[in-house]
4 protein chains.
Amino acid sequence: SKYSYVKSFEVDEKILPQVWIVVRLDGRCFSKFAEEHKLQKPNDERCLRLMEHSARKVLETFDECFFAYGQSDEFSFVLRKQTNIFNRRKSKILTCIVSLFTSAFVFYWKTFFNDVEMKYPPSFDGRVILYPSDQTLRDYLSWRQVDCHVNNQYNTCFWLLVQSGATPKEAYETLKGTYSDFKNELLFQKFGINYSHIEERFRKGSTLFKKPREDLVNPSKTVFEIVLTHEDIIKSEFWNKHSDLLSS
Amino acid sequence: SKYSYVKSFEVDEKILPQVWIVVRLDGRCFSKFAEEHKLQKPNDERCLRLMEHSARKVLETFDECFFAYGQSDEFSFVLRKQTNIFNRRKSKILTCIVSLFTSAFVFYWKTFFNDVEMKYPPSFDGRVILYPSDQTLRDYLSWRQVDCHVNNQYNTCFWLLVQSGATPKEAYETLKGTYSDFKNELLFQKFGINYSHIEERFRKGSTLFKKPREDLVNPSKTVFEIVLTHEDIIKSEFWNKHSDLLSS
Amino acid sequence: SKYSYVKSFEVDEKILPQVWIVVRLDGRCFSKFAEEHKLQKPNDERCLRLMEHSARKVLETFDECFFAYGQSDEFSFVLRKQTNIFNRRKSKILTCIVSLFTSAFVFYWKTFFNDVEMKYPPSFDGRVILYPSDQTLRDYLSWRQVDCHVNNQYNTCFWLLVQSGATPKEAYETLKGTYSDFKNELLFQKFGINYSHIEERFRKGSTLFKKPREDLVNPSKTVFEIVLTHEDIIKSEFWNKHSDLLSS
Amino acid sequence: SKYSYVKSFEVDEKILPQVWIVVRLDGRCFSKFAEEHKLQKPNDERCLRLMEHSARKVLETFDECFFAYGQSDEFSFVLRKQTNIFNRRKSKILTCIVSLFTSAFVFYWKTFFNDVEMKYPPSFDGRVILYPSDQTLRDYLSWRQVDCHVNNQYNTCFWLLVQSGATPKEAYETLKGTYSDFKNELLFQKFGINYSHIEERFRKGSTLFKKPREDLVNPSKTVFEIVLTHEDIIKSEFWNKHSDLLSS
Ligand SMILES: Nc1nc2c(ncn2[C@H]2C[C@H](O)[C@@H](COP(=O)(O)OP(=O)(O)OP(=O)(O)O)O2)c(=O)[nH]1
Ligand SMILES: Nc1nc2c(ncn2[C@H]2C[C@H](O)[C@@H](COP(=O)(O)OP(=O)(O)OP(=O)(O)O)O2)c(=O)[nH]1
Ligand SMILES: Nc1nc2c(ncn2[C@H]2C[C@H](O)[C@@H](COP(=O)(O)OP(=O)(O)OP(=O)(O)O)O2)c(=O)[nH]1
Ligand SMILES: Nc1nc2c(ncn2[C@H]2C[C@H](O)[C@@H](COP(=O)(O)OP(=O)(O)OP(=O)(O)O)O2)c(=O)[nH]1
Ligand SMILES: O=P(O)(O)OP(=O)(O)OP(=O)(O)O
Ligand SMILES: O=P(O)(O)OP(=O)(O)OP(=O)(O)O
Ligand SMILES: O=P(O)(O)OP(=O)(O)OP(=O)(O)O
Ligand SMILES: O=P(O)(O)OP(=O)(O)OP(=O)(O)O
Ligand SMILES: [Mg+2]
Ligand SMILES: [Mg+2]
Ligand SMILES: [Mg+2]
Ligand SMILES: [Mg+2]
Ligand SMILES: [Mg+2]
Ligand SMILES: [Mg+2]
Ligand SMILES: [Mg+2]
Ligand SMILES: [Mg+2]
Ligand SMILES: [Mg+2]
Ligand SMILES: [Mg+2]
Ligand SMILES: [Mg+2]
Ligand SMILES: [Mg+2]
């Protein structure tokens, strides 16, 4: 039609070749969402499992997405450096991942939350970030896992203090400016909790990655299994153990 | 932490000031989704109403989004030219709208589809398109409404032919290269259908827009009502009638 | 060759259609350049004329560039909204204009500076700025002309004070925080100068634009003459007089 | 002023951190420029030396530019991966380099061309290209040097054929589709020329790079010397010899 010239106003930025593509999404106003749905504090296992499951759907759907790391209300997806998915069109990649994750989150809610009714449709923002080297990609993931640790340690202390009778303001004052060691001590002395015995899911976040395996039916073919783990991904150990990941 | 330098790799493009911002989303592989969920052909009113309802949630949530037009598995949202939403960060705007729409689509599915179970989580891609003038914005919307008309007319003929015994291939051959007039004649002669009497929702698509209204409680305040309509938005009549829309 | 894959790393952003394209360039470290070449203060007519001449070469070379405005060590070029020059590739447009201007500046130096030897090669930075409407384009040009006026008035006062015996620090203190009226009074009272009688080139900057004229040889063809003027381009008068400019 | 809001329309893209930044410039319509100035064919040493000298000025001016490679009417500049020059603003980096190179080319023309008058101001286009790894950067430079070789070998044959009486068309036909070996044979058999004895400047192009050297006056400081060479930069030998270059 005579209107179709407007199509020429569409421009989808092409992502630089051979850099790691990360898509991070984050729940919008999840403080409120957690409140409204009475999520357990500081961590609600059902919610974390639902996040993991939604991330798994992304990995299943997009061959080129081989790694994901999540914690709290966020998830980061990594695409192979060499991928040519959607011709490396930035908005297309970004929206397809964010939309599928969101959809899965709502769709599988009842599987994880049973009786708890979802009150309104939650949503996630998303962004594409490019990392030119293995080092910067690993530093990115380390950044997120450190964030997980720091927040979780703080929140664990905070809510235990509150549960034990402190007002939020008092709990806040107790923890203000304190170091990691202090918080560990506090947990141990006051609550008899060894922080390192807390669930790994809470302390380390959730890592999903694709592990190649020989196809039993067709041995010349490689199939990928999606593995979920809650280990340290900052140290080299993890990456050495799964050395195929960054060479992909 | 020593890793936080990686944050500096994030760059969210800022959208040029004072241009119309359009976000169009489109169902991914909806041919398959329609098939799997046995959607009515060529138009499934439940699905269109669900799309409209999801679009309404976007308009309700984002003050700055004042207009939406949808048809088939797509919806376009228009943001005020002067908006400063999210500081005009492109990816943030794009993902927040696409994610909320997706979420609403899954969340409200059962309201429109009752007994029909959703089989798997659907998703939508999205893109931002900028239009520098009222004329180009209107041409964009006209482009989508012409597309609605052309596809709907074709699909109506096609499925009637198939229902009346033709194979898909035969139906395709019958319609190949024919003009609008021919199709209208065919509908009338063969099926006794006056195309212009077909539901407006199918022929014109769905337009949602915000209509200002004096707040009854607080007369100095303007409140907005979201209006759903299925009229022609190509001709000037619509825009003259709602002259505040483009001056927003 | 096996290396040619690297070409795919080249991406030249395409400029949005139908917006005004402005290229502004600005002399790098022209304070030092002016000092080293003993340019007259506050304005050196030879330098301004050389700038104008270089700008003229840009207008002569690029059909699509129909307007330029310059002052001090800067020049802004405007390209037709509808231009398809270099397929609207941003870096190509930007560098071709900046490079040609620079080249002309060095090449024609001796024409304007005769005996004054150029001591080292000067250079200019450049940027592309997009304006979606006539109003924003005019506001841009007004911004530059106001800048010309404000700086010129200040510099005129400043250098007259210094010439009449003040130290630069004293001149600075005298002018700090003063308004336009004060400066006009100062010029008049102290130096007997009516600011509005100062050369228009200094007060208003330099405007170059293409004026259509019937080709005497071939009357059906339009040829363009490049006009140089030093008038007010903030008020509508100029634009009404040359109403073809913004409709181009 | 009330117009200064237009400044907000300026956006200078920030270049991704930690990638190699290449700026390549290329003479505009140098076929014509070579013709008009009667440059020697296929290579004019004066012109190549002027290009080298202009590139040297760029390296002298920008600390962060440590490597340049040129051939024919083009030059590529490489900036340190870690550079924060101009806050990595793309257009600023691009135009400053292109403008300075152009300026130097015109300014130093007479030093290299003596009596030959420059007839009109030449110009250069420019582009920024990003390479995320050492390998892709080296492949880029190899691509340019292979291009130098292929063009030079072809042009050498072509002009010798023409000088020896062939029409351009005949020379073209003789060379069409032939391989490197054939051309070497032709040079040797017909013109007694051993291609590998031709000047290295013509066969290998021009490489300029910064070599660190202890400052004689202040031994704790490193100074950089700019080295010009015409060697192979495809093989690893060069990069091993100057191993500091890519670790910069
Ligand atoms: N109770 C509870 N809250 C959680 C859980 N996971 C995340 N949250 C809450 C805690 C935080 O307030 C919030 C995540 O922080 P954000 O910085 O993403 O803030 P929020 O989503 O509220 O705002 P945003 O829209 O992202 O700027 O989600 C959980 O498992 N249990
Ligand atoms: N039966 C039925 N099908 C519909 C309805 N609305 C949309 N569809 C189907 C018809 C088309 O095959 C499809 C929309 O066309 P698209 O060009 O968006 O293709 P599709 O979504 O399959 O692929 P895509 O991922 O967008 O490239 O959705 C409906 O109401 N009823
Ligand atoms: N004496 C004299 N100086 C002039 C003339 N035109 C421009 N200039 C000088 C005055 C200012 O110091 C300078 C222009 O100001 P800018 O803000 O562009 O600063 P400058 O070029 O020094 O630094 P930049 O590299 O642009 O950040 O050029 C002139 O005609 N005569
Ligand atoms: N005679 C002669 N010609 C040269 C020399 N160096 C470069 N040239 C000419 C040969 C080529 O025609 C031209 C470079 O090729 P390009 O592909 O850059 O084409 P050109 O600059 O004409 O057009 P462009 O504006 O870059 O698209 O410059 C030289 O040393 N001697
Ligand atoms: O969906 P279209 O027709 O706008 O085209 P596209 O987005 O360029 O293609 P695709 O949907 O395949 O991404
Ligand atoms: O958009 P916001 O407010 O979440 O801000 P942000 O710049 O995205 O910050 P963060 O990465 O901390 O969510
Ligand atoms: O000069 P090339 O071959 O890199 O190609 P281009 O830049 O895409 O084309 P042009 O020189 O015509 O702008
Ligand atoms: O690059 P600079 O320092 O000139 O800074 P700028 O942001 O370009 O500022 P201006 O437009 O004032 O020259
Ligand atoms: Mg955020
Ligand atoms: Mg959040
Ligand atoms: Mg969060
Ligand atoms: Mg599509
Ligand atoms: Mg679709
Ligand atoms: Mg569609
Ligand atoms: Mg500046
Ligand atoms: Mg300057
Ligand atoms: Mg200036
Ligand atoms: Mg070129
Ligand atoms: Mg060239
Ligand atoms: Mg060339």
Engineer: Do other residues, nucleotides or ligands put more than 12 heavy atoms under 6.0 Å from the CD atom of B:E117?
Structural biologist: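 No.
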Engineer: Check each atom of A:F105 against the heavy atoms of chain B and say whether the ones under 4.5 Å are side chain, backbone, both or neither.
Structural biologist: neither
Engineer: Are there more than 12 heavy atoms of other residues, nucleotides or ligands under 6.0 Å from atom NZ of B:K235?
Structural biologist: no
Engineer: Using a 4.5 angstrom heavy-atom cutoff, name the option from B:V98, B:V106, B:T102, B:D139 with the most pairs to chain A.
Structural biologist: B:D139
Engineer: Tell me whether B:K241 at atom NZ has more than 12 heavy atoms from other residues, nucleotides or ligands lying less than 6.0 Å away.
Structural biologist: yes
Engineer: With a 4.5 Å heavy-atom cut-off, do B:S91 and A:K90 have their side chains touching?
Structural biologist: yes
Engineer: Could you walk me through whether B:I234 and A:Y3 pass the side chain to side chain contact (heavy atoms under 4.5 Å, CB included) test, one step at a time?
Structural biologist: CA-CA 10 Å; B:I234 299 175; A:Y3 301 117; 3.3 Å; yes
Engineer: Heavy atoms only, distances under 4.5 angstrom: which of B:V128, B:L94, B:D147 has the most pairs with chain A? Name it, please.
Structural biologist: B:L94
Engineer: Just checking, any donor-acceptor pair under 3.5 angstrom between side chains of A:S123 and B:S103?
Structural biologist: no
Engineer: So for B:Y5, is it side chain, backbone, both, or neither that comes closer than 4.5 Å to the heavy atoms of chain A?
Structural biologist: side chain
Engineer: For chain A, which of B:I129, B:V11, B:L25 has the most heavy-atom pairs under 4.5 Å?
Structural biologist: B:I129
Engineer: Between A:Y108 and chain B, with a heavy-atom cut-off of 4.5 Å, which part of the residue counts as in contact: side chain, backbone, both or neither?
Structural biologist: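 Only the side chain of A:Y108 comes within 4.5 Å of chain B.
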Engineer: Other residues, nucleotides and ligands only: do more than 12 of their heavy atoms fall within 6.0 Å of CD on B:E231?
Structural biologist: yes
Engineer: B:G126, B:P132, B:P121: which one forms the most heavy-atom pairs within less than 4.5 Å of chain A?
Structural biologist: B:P121
Engineer: For B:K7, does the NZ atom sit with more than 12 other heavy atoms under 6.0 Å from it, leaving out its own atoms?
Structural biologist: yes
Engineer: With chain A, which of B:E10, B:M118, B:R28 has the greatest number of heavy-atom pairs at distances under 4.5 Å?
Structural biologist: B:E10
Engineer: Tell me the closest heavy-atom pair linking B:S99 and A:F124, and the distance in Å.
Structural biologist: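 Minimum heavy-atom separation between B:S99 and A:F124: OG-N, 2.8 Å.
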Engineer: Between A:R144, A:R24, A:R138, who has the most heavy-atom pairs with chain B when the cutoff is under 4.5 Å?
Structural biologist: A:R24
Engineer: Please determine, among B:T61, B:L137, B:L100, the option with the most heavy-atom pairs under 4.5 Å with chain A.
Structural biologist: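 Ranked by contacts with chain A, first place is B:L100.
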Engineer: Does atom CD of A:E36 have more than 12 heavy-atom neighbours, drawn from other residues, nucleotides or ligands, at distances under 6.0 Å?
Structural biologist: yes
Engineer: Between the main-chain N or O of A:F9 and the side-chain N or O of B:Y131, is there a donor-acceptor pair closer than 3.5 Å?
Structural biologist: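 Here the side-chain-to-backbone pair does not exist.
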Engineer: At a heavy-atom separation under 4.5 Å, does B:L130 approach chain A through its side chain, its backbone, both, or neither?
Structural biologist: backbone
Engineer: What part of A:S1 lies closer than 4.5 angstrom to a heavy atom of chain B: side chain, backbone, both or neither?
Structural biologist: side chain
